[in-house]
Amino acid sequence: MNINRCRNCGTKFLVARSMCPKCGKEDFEHVPARSGIVLESVELIATPDPYPDRYYLVLLDVDDVKVFCRSQEKLKEGSQADIQDDELGPTCRKA
Amino acid sequence: MSVISDVSFTRFGKRPEGLLDLAAESALPIVRKYGRDIDFIVFSNSYSGEFNDVSGVNNLISTRLSMDDVPSMRVDNTSGSGGSAVMVADSLIRSGNASNVLVIGAEKMTGYPTKKSTRIIASLLHPEERSAGISLPSLAAFMTRSYLKEFDAPRESVARVAVKNHHNGSLNPYAHFQSEVTLEEVMASRVIADPLRIFEFCPVSDGAVSMLMTSDENRDSFGNDHVEILGVGYSSGTSSLSYRDSLTTIGSVRRSSEMAFRRSKLTPNYMDVVELHDMAAVLEIIESEDAGFFKKGHGWEAVMNGETEIGGPRPINTSGGLNSKGHPIGASGVAQAGEIYLQITGKAEKRQIKDAHLGFSLSMAGFGNNATAIVYGGAS
């Protein structure tokens, strides 16, 4: 998983954009998101296809950008978590 | 100004019929009376491709109704399609591009395993966020946790929305669920996305509703029961959830409501009856604040005090809301307008609000990606 960072004004965001939402420039660098701080996690029981039947969805703060990932265990708010992509998407676990 | 002059519902729920059957069932009572006068069809529907393997549904339904030559369009704005359809019909009429518009809202969603329908609905998310395994209900769970924490609200307040809306649904012959639930039953029901339980979410439903909308000048040709569109407001917010500052306020709801009230020259205090987009129970509380009915952080108190019940000073979701009436996606926003119509024209039977003259509806797309707010008034 990568975070987008505007090379002109430094604005960071997760979802791909053609222009920077702050300065309008079109030049970005892609910074790998490797770890973050747990903001919130919820256990999801009714999950979408093709994901497993039960997991925790975790909202992480990665260098001031919010990032969602999937975890098999409950992660404590304020704790550090490592991010790793699997075949479905970003996952995280206790650092 | 445009007016709503007639409304026709199908029963919402798990229906054996197909999408076009349901749409025709709701439209026919209006078409039989006024078909020759209708010069535009607006079809609110979002997922005919994904759920029903059909596209171009607006032309399919116009031929089904033997209105082959009547111009039509499909309005797709995910869960907010219905509010957008009413906004489009209002614009067509006020611009003079059409005189008498048949608005149909319909969706056929049942018949798939829950995992499959959850996936279809989640397709409105950005891939970078969706790939984490997010569902729309999981976002409501994040929202609930944040709201309860930020405003020190009791968990029970969210469940009480479901109790109230199931009661209202039990009085609505078109609702998917027509039986009451107790607070204990809600709190003992299956967890879907912690802490929210199944009774606190809308069901997956099929259903349709149709309305005849016309101009103020033409209204007398279409019966005696009219409800005026006094103001429409619309707004978007970022569709990137990770880019939002707060999980306890929805900018598109706030801005669209402000616009609708400004345009109608009215304020929230004047509204006799209100329909909000309670896909999850917590959304009713948050929208009731963002639309201006309660101060931020105080919506939960209004629920606990019974203020939002039928008979209370600020009745919300007298129809049962999406929570109990069901949420056939393309139909929902049109059904909100339909409920306000029934209330203001005094046809809401067992759930009738006394002296309902002014109403408000809030139709929301995605998880607040955009919203359409409408202020309604006057029966004559």
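Letters go in sequence order (proteins before strands), and every chain restarts at 1.
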Would you say that more than 12 heavy atoms from the other residues, nucleotides or ligands in this model lie under 6.0 Å from the [atom1] of [X], or not?
X	atom1	value
A:Lys22	NZ	no
B:Arg155	CZ	yes
B:Asp53	CG	no
A:Lys76	NZ	no
B:Asp245	CG	no
A:Arg7	CZ	yes
B:Lys149	NZ	yes

Quick check on [X] against chain B: is it the side chain, the backbone, both or neither that has a heavy atom closer than 4.5 Å?
X	value
A:Arg54	neither
A:Pro50	both
A:Tyr55	side chain
A:Glu87	neither
A:Asp53	both
A:Thr91	neither

Quick one: [atom1] on [X] to [atom2] on [Y], what's the gap to the nearest 0.5 Å?
X	Y	atom1	atom2	answer
A:Asn4	B:Glu128	CG	CD	7.5 Å
B:Arg145	A:Ser41	CZ	OG	6.5 Å
A:Ile45	B:Ile198	CD1	CD1	11.0 Å
B:Ser131	A:Tyr51	OG	OH	5.5 Å
B:Arg119	A:Thr47	CZ	OG1	11.5 Å
B:Ser242	A:Phe13	OG	CZ	10.5 Å

Which atom of [X] lies closest to which atom of [Y], heavy atoms considered:
X	Y	value
A:Val42	B:Asp194	CB-O, 3.6 Å
B:Leu247	A:Leu59	CD1-CD2, 4.4 Å
B:Thr238	A:Arg17	OG1-NH2, 3.8 Å
B:Ile134	A:Leu57	CA-CD1, 3.8 Å

Contact origin within [X] toward chain A - heavy atom pairs under 4.5 Å:
X	result
B:Ser239	neither
B:Leu139	side chain
B:Tyr243	side chain

Take B:Val191 and A:Glu43 through the test side chain to side chain contact (heavy atoms under 4.5 Å, CB included) and record every step on the way to the result.
-> CA-CA 9 Å; B:Val191 175; A:Glu43 187 176 19; over 6 Å; no
Any sub-3.5 Å donor-acceptor pair from B:Lys116's side-chain atoms to A:Pro48's backbone N or O?
-> no
Is the backbone N or O of B:Phe142 less than 3.5 Å from a side-chain atom of A:Glu40, with the two atoms forming a donor-acceptor pair by type?
-> no
Check: B:Glu129 and A:Lys66 side chains under 4.5 Å, non-hydrogen atoms | no
